[in-house]
Amino acid sequence: MAGAHKPKQPPTPVTKADVARALRNVAAMLEITGDNPFRIRAFENASAAIEDLSEDLHAMVESGELLEVRGIGKSIFADVKSMLETGTFDEYEKLRKKVPAGILEMLRVSGMGPKKVKAVYEKLDIKSVDELEQAGRDGKLAVLPGFGEKTQLNILNAIARYRKYAQRFLFSVAEDEANGILEAVRRVKGVKHSLIGGSLRRHRETIGDIDILATTDDADPVMDVFTSLPNVATVIAKGPTKSSVIMKSGIHVDLRVVKDDEFAAASHYFSGNKEHNTEVRARAKKLGYKLNEYGLFEGEHAVKIKDEEALFAKLGMDFIPPELRENAGEIEAAEEHALPKLIEVGDIRGTFHCHSTYSDGRSTLREMAEAAKALGLEYLGIADHSQTAVYAGGMDKAKVKKQLREIEELNQELAPFVLFKGVESDILLDGRLDYDDETLASFDHVVASVHGQFTGTEAQMTKRIVTAVSNPFTTMLGHPTGRVLLSRDGYPLNLTAVFEACAAHKVFIEINAHPYRLDLDWRHLRTAKDMGVHFVINPDAHHTSEIGYFRYGVGIARKGWLTKGDVFNTKSTDGVRAALRKPRS
DNA sequence: GCCGTTTTCGGCCCGACTGTTTTCAGTCG
């Protein structure tokens, strides 16, 4: 019966992101209809669980494996299955009839929660952000019960901010802003500890807002300094323990202030994602404690904790590095003493995939080499664009010869520092590389990358990349999915097939560390590693100032649970040289 | 709706700030 009204098979395959969005929308609509809060959370949790899956969703539903994922029970499993097969599910359709489409958008306006959205919808028939703005201008919001002049003004301001800054910020941009604020906070007399928390400390690839934590016995001066920083555009809230501002850049910043002996609990509290924190607090409760941002409590009395390490120990866990605090299995691993020893920036001894003035780089080979040396690196892999990349000044064969000669001369002069000879070869439409074998053989390494014609189907793009990876001259797969953060999704790809090919042909998968890319995504690293893939962290530098980007890639590698041994460019120069001399078949 | 050394029912994390309130609801993280 119900099936008769279901839409037909959707025209495009339903993706993981589609399912996660649908579940999140269900949660939002349930909030507005005033459903059981725990039921709402179940849908939110399920949405997050689906979003973080690294394996193929269709396969997991097919095999029933999805039921093993924490947060997915029988009911939501059925919803997901229905969504994959028909494009929707009953609960979703039922709610969509009750809650008009534009209403969910209003939830994204800061200060508009489910109750207020429901109130303006029911009392004023407001169904969109546009209508909400109009009502505010007409003074209609202020007269609603529970609303007032101030609330109306706040909503109008929040709409303006929502319009201007609906987007997120690159990690690198947010980090620079946060460091500036942190410095100012640290200079305030009486501040003992301070740190950048939140998603920045977890090294997320994009950042919604900045969280800063400071400890002092006298909060007022810190809050005064913070809320009157020259780059602050608006003060949203100011209290003795928490203040919020919007910077001129549009980034929202929270400052939390606690007492010095509360630092350990607070720094944990302000670093994990919501799910990690909820989970750890539940663990604490089970052990008879209460955990909040001020400490770990046994009844009324606070347990003395010196640092985060001691806090985890009290809860029967090893220290969980901040990057892992995403509730992705780290809590269980910490209890079983099974967390990996994560790679560190200092483990990196050189890096590859760097451009020079031979293609679209802005620094010469010599400048690049000297900058790498100054960073303490032992080697640098040059990989300028290949001849098809005309837009980027790609090298024809004559230019390649000239560059290789210049590199050899520089190596004589700069030894023991080494420039490795390489190229970033375009992967052509049929998967071939961009030079004849003789030219390819003259390089120490070949980074194979897709730079154009992204519009193929998943099957076509996968075949194209697998073909390139199977080429005996390919050493590394550059920016594997081609995404550009905040602007472009990657091309459709069967990553499982790509990982298989890379493992089989011993091709390194690049973690492109350029702050705009951070590709491969950290969510896939564990799966790839389990399939036997090794990685290389490359800055994709086009200027001397960009070589150091590899540290962003290390952050991503850490989020993906990688160790020093998983990453090629932690090897010494000799180790790298030996590995690059792989047999050409 | 999910989950289980609290195990198939009965729980489910915790606190700060604002604005509209005469004691607290709503929102946020």
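By convention in this document, chain letters (A, B, ...) are assigned in the order of the sequence lines, proteins followed by strands, and residues within each chain are numbered from 1. Since this is a predicted model, take the numbers as computed values, not measurements.
Nucleotides dT20(B) and dC28(B) have their P atoms positioned 16 Å apart, rounded to a whole Å. For dA16(B) and dG10(B), the P atoms lie 33 Å apart once the distance is rounded to whole Å. Between dT21(B) and dC14(B), the distance separating the two C1' atoms is 23 Å to the nearest Å. Between dC13(B) and dT8(B), the two C1' atoms lie 24 Å apart (nearest whole Å). For dG11(B) and dT6(B), the P atoms lie 14 Å apart once the distance is rounded to whole Å. Straight-line distance between the C1' atoms of dG29(B) and dT23(B): roughly 25 Å, to the nearest whole Å.
Side-chain polar atoms of Thr206(A) and Arg168(A) form a donor-acceptor pair below 3.5 angstrom. Residues Asn273(A) and Glu326(A) bring a donor and an acceptor atom of their side chains to less than 3.5 Å of each other. Under the 3.5 Å distance criterion, with hydrogens and angles disregarded, no donor-acceptor pair is assigned to the side chains of Tyr269(A) and Asn277(A).
Taking the charged nitrogens against the carboxylate oxygens, Glu85(A) and Lys81(A) do have a contact shorter than 4.0 Å, which makes a salt bridge. Of the charged side-chain nitrogens involved, at least one lies within less than 4.0 Å of a carboxylate oxygen, so that Glu344(A) and Lys341(A) count as a salt-bridged pair. Looking at Arg201(A) and Glu308(A), a side-chain N of the basic residue comes within less than 4.0 Å of a carboxylate O on the acidic one, giving a salt bridge. Between Arg24(A) and Glu51(A), at least one side-chain N (NZ, or NE/NH1/NH2) sits under 4.0 Å from a carboxylate O, which counts as a salt bridge.
Computed from coordinates, the Leu213(A) CG to dA16(B) P distance equals 14 Å when rounded to whole Å. The interatomic distance linking Asn292(A) (CG) with dA16(B) (P) rounds to 8 Å, in whole Å. Rounded to whole angstrom, the span from the CD atom of Glu275(A) across to the P atom of dC2(B) amounts to 16 Å. Atoms CG (Asn277(A)) and C1' (dG15(B)) sit 12 Å apart, rounded to a whole Å. The CD-P distance, from Glu149(A) to dT20(B), rounds to 8 Å in whole Å. For the pair Phe38(A) CZ and dG1(B) P, the computed distance is 15 Å after rounding to whole Å. Rounded to whole angstrom, the span from the NE2 atom of His268(A) across to the P atom of dC13(B) amounts to 15 Å. Across the protein-nucleic acid pair, Glu279(A) atom CD and dC3(B) atom P stand 11 Å apart, rounded to whole Å.
Close to dC13(B), at under 4.0 Å from its OP1 or OP2, lies no side-chain N or O of Lys285(A). Within the 4.0 Å cut-off from OP1 or OP2 of dC13(B), at least one side-chain nitrogen or oxygen of Arg41(A) is found. The phosphate of dC17(B) (OP1 or OP2) has a side-chain N or O of Thr241(A) nearer than 4.0 angstrom. Contact check, Thr151(A) against dT20(B): a side-chain N or O comes under 4.0 Å of OP1 or OP2. Within the 4.0 Å cut-off from OP1 or OP2 of dG19(B), at least one side-chain nitrogen or oxygen of Asn154(A) is found.
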If you restrict it to nitrogen or oxygen atoms, what contacts under 3.5 Å exist between nucleotides 22-24 of chain B and the protein, and what is each distance?
none

Polar pairs (N or O, both sides) under 3.5 Å between protein and nucleotides 26-29 of chain B?
from	atom 1	to	atom 2	distance (Å)
dT27(B)	OP1	Gly113(A)	N	3.0
dT27(B)	OP1	Gly113(A)	O	3.2
dT27(B)	OP1	Lys116(A)	N	2.7
dT27(B)	OP2	Lys115(A)	N	3.1
dC28(B)	OP1	Gly111(A)	N	2.5
dG29(B)	N2	Tyr269(A)	OH	2.7

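Each of Asp220(A), Asp224(A), Asp254(A) was evaluated against Lys238(A); a single residue qualifies, Asp224(A), per the salt bridge (charged side-chain N to carboxylate O under 4.0 Å, His left out) test.
Under the rule for a ring pair (Phe, Tyr, Trp, His ring centres under 6.0 Å), the partners of Tyr549(A) that lie at least two apart in sequence or sit in another chain are His514(A), Tyr552(A). Partners of Tyr289(A) under the ring pair (Phe, Tyr, Trp, His ring centres under 6.0 Å) rule, at least two apart in sequence or in another chain, do not exist in this structure.
Across all strands shown, dA16(B) forms a Watson-Crick or G-U wobble pair with dT27(B), both key distances being under 3.5 Å.
If you check residues 295-329 of chain A against DNA chain B, you find no residue with a heavy atom closer than 4.0 Å.
Note on ring orientation: taking the six-membered ring where Trp is involved, the planes of His268(A) and His276(A) are tilted (angle from 30° to 60°).
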For a quick test of your reading: what N or O donor-acceptor pairs under 3.5 Å do the side chains of residues 144-155 of chain A make, sequence neighbours left out?
from	atom 1	to	atom 2	distance (Å)
Gln152(A)	OE1	Leu141(A)	N	3.0
Gln152(A)	OE1	Ala142(A)	N	2.8
Gln152(A)	NE2	Gly136(A)	O	3.4

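Residue Pro240(A) is classed as a sugar-phosphate contact, given heavy-atom separations below 4.0 Å to backbone atoms only. Contact annotation for Lys238(A): backbone-only contact, meaning every heavy-atom pair under 4.0 Å involves sugar-phosphate atoms and none involves a base.
Interatomic distance, CD of Glu91(A) versus CG of Leu23(A), reported as 10.5 Å (0.5 Å rounding).
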